[in-house]
Amino acid sequence: MNLVVISNRVARGKANEPMTGGLAAALLPVVENSGAIWVGSSGRVRDGFQKEPFAEIEALGCGALAMLDLPAAHYGGYYEGFANSALWPALHSRSDLIRTSQGDYLSYREVNAFMARALMRFRKPDTAFWVQDYHFLALGAELRELGVTEPIGFFLHTPWPAAAVVEGVPHHRELIEAMLAYDLIGFQTTQDCDNFLSYVRDDLELPVRDGVVNSRHGRTRLAVFPIGIDAEKFATGAAKAISHPDVSRLRRSLNGERLAIGVDRLDYSKGLVNRIHAFDRMWTLHPTLARTVSLLQIATPSRGGIEAYGNLQNEVARLVSDVNGRHGEVDWTPIRYLNKGFSQSVLAGLYRTAQVGVVTPLHDGMNLVAKEYVAAQNPADPGVLVLSKFAGAANELDTALLVNPHDTDGMARVIAMALSMPLTERRMRYEAMMDKLKTHTITHWFADFIRALQQSQSECAPPIADQGMTEPDMPESSPMWRLRGAQGVARFH
Ligand code: F6P
């Protein structure tokens, strides 16, 4: 089988480059090992009508990375307009932030159609397509229009909200109906999957049975595949990263002080404002924690052309400065606030340095920072994870200290509690979480999805063996294929 993976953002195989976004960083190692072709945006745009979409192709592990220049006339409407000013706010239950136009929607559809045309170049008789995330909800339908009959799967990295919120997205019916061209749609959590299912049943009035929707496109299976990380590799990297110059400088600067860490894209879904209010409250309620505990908040700028993001950047900067002004001392800065990205390897060392990881989004599909913080800890003296109950990761990491990010006093109390937690309890919580992270890795996630994609098409098509996708066609060297047959985490409805 030839696998083609599609996402808007892609990553090149360089471990020490800063990366924006969980999806690209998470996919990189598994795509590298799988031998797949990974197709995405080059980050550049090109003018004029392109008969043959321009792609820069380079080797990536045992496969390849193809980066496309997207059409200049439609890029803004697609990325900032519809994907990130209509879909993103709705998917994170912030309909109040939807700002979009008919032109944005048309550009979004144009870019989906453009990507479909570009993908035809990578199509072989035994190709399976795996589309990632909300940028390409309609890509499956565009591929079908071009005559593709091979398996096409879709995985949503964000939450899927309640029907009333989805209904706030212009053209929601048309879009979600188009999504049913996928053979398999994967979600991070059961809640997301159930929300989608209810929309399909109640708004589209389509029959759903045992997690399978019947539509004019045929059958679409809905299932849950919580994304994981390579916890063991991350742990090894974190132990090594302690000697990285950035990490050593941080440790030296602490001078016995304890550290809490937050690492997020500057996005309104991440709960940065609420988190800073909680620290403010903590230092007010527990004056002994002033001077002895500081927060390192890394907030990587993101989607800067969108008004809501510009406003957030200003609001957070103002708040940090206010808190530092009120609680700071001549030789102590309560919040170290950085607006830049770091490589995965440096982040691993920073996580290991911090006694508390604060991951408190208002809403998040999974949040891999939570998983990475746990994996980076020293098993003999682990830090404590304070985790929002509204992050998908809370379903698995249930021995973290779970908080409601809207409850400032509650968060302040829990962060203070994390700082005084005895070693035995820290170890017990850490070990329980590590067990889960090691059982449900990113490699399992990848293999489980591909297996389910093959099965979902075979439910209404000839068996896979008849299509030439036999076991020996799988790259033997790839760990993901060796996992075939292993018990996966996918929960079929
Ligand atoms: O959750 C969806 C997601 O794709 C994340 O994986 C990533 O953090 C983010 O969105 C990427 O956003 P952008 O590509 O706009 O920076």
Side-chain angles (χ1 to χ4, degrees), residues 5-12 17-31 38-45 67-68 70 75-94 97 104 108 111 115 130-137 139 154-161 185-189 192 225-229 262-272 298-310 312-313 339-342 344 347 359 361-372 388 390-393 442 445-446:
V5 176
I6 305 100
S7 61
N8 176 66
R9 194 178 283 280
V10 294
R12 289 177 137 147
E17 264 183 14
M19 284 193 214
T20 319
L23 182 160
L27 282 185
L28 178 62
V30 272
V31 175
W38 189 5
V39 185
S41 157
S42 63
R44 289 183 303 266
V45 293
M67 289 163 291
L68 300 179
L70 297 182
Y75 186 76
Y78 149 75
Y79 178 78
E80 291 193 336
F82 199 76
N84 286 312
S85 297
L87 294 174
W88 181 272
L91 291 167
H92 292 83
S93 301
R94 290 296 307 268
L97 294 177
D104 291 341
Y108 179 86
V111 171
M115 180 58 88
W130 184 7
V131 179
Q132 310 285 328
D133 234 357
Y134 63 100
H135 306 86
F136 293 119
L137 297 183
L139 181 52
F154 175 84
F155 184 79
L156 183 71
H157 291 257
T158 69
W160 187 273
I185 301 181
F187 298 90
Q188 300 274 28
T189 69
D192 301 326
F225 304 87
I227 193 169
I229 61 167
V263 176
D264 306 84
R265 263 185 324 101
L266 239 172
D267 191 292
Y268 47 79
S269 65
K270 302 295 180 184
L272 288 162
I298 295 171
T300 319
S302 176
R303 306 173 191 167
I306 300 175
E307 196 187 344
Y309 288 79
L312 178 73
Q313 181 151 15
N339 284 150
K340 61 179 179 175
F342 287 86
Q344 289 287 99
L347 284 177
V359 182
L362 307 181
H363 221 143
D364 218 331
M366 177 54 65
N367 199 305
L368 294 179
V369 169
K371 295 190 170 182
E372 290 170 357
S388 163
F390 304 123
I442 182 88
W445 173 80
F446 201 91

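Just so we're clear, the structure is a prediction, and the values are computed from it rather than from any experiment. Order of listing sets the numbers, starting from 1, for every ligand and every atom in it.
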Once rounded to the nearest 0.5 Å, what's the spacing between atom CD1 of I185 and atom CG of L137? 9.0 Å

So which of D267, L91, D264, T158 gets nearest to atom 1 (O) of ligand 1, if we judge by its closest heavy atom? T158

Short N/O distance, under 3.5 Å, between H135 and ligand 1? no

Taking heavy atoms and a distance under 4.0 Å, where does L23 meet ligand 1: side chain, backbone, both or neither? both

Have a look at ligand 1 and work out which part of W88, if any, has a heavy atom under 4.0 Å from it: side chain, backbone, both or neither. side chain

One should read off an interatomic distance between M67 CE and W38 CH2, to the nearest 0.5 angstrom, of 10.5 Å

Does a side-chain heavy-atom distance below 4.5 Å link D133 with L23? yes

N84 and its side chain to side chain donor-acceptor pair (under 3.5 Å) partner, picked from Y78, Y134, Y309: Y134

Separation of T158 OG1 from H92 NE2 (nearest 0.5 Å): 5.5 Å

For ligand 1, find out whether one of its N or O atoms is nearer than 3.5 Å to an N or O atom of S302. no

For ligand 1, does Q132 get within less than 4.0 Å through its side chain, its backbone, both, or neither, judged by non-hydrogen atoms? neither

Among R303, M366, R9, which one has a heavy atom closest to atom 10 (O) of ligand 1? R303

Minimum heavy-atom separation for W88 and S269, please, with both atom names. CZ2-OG, 3.8 Å

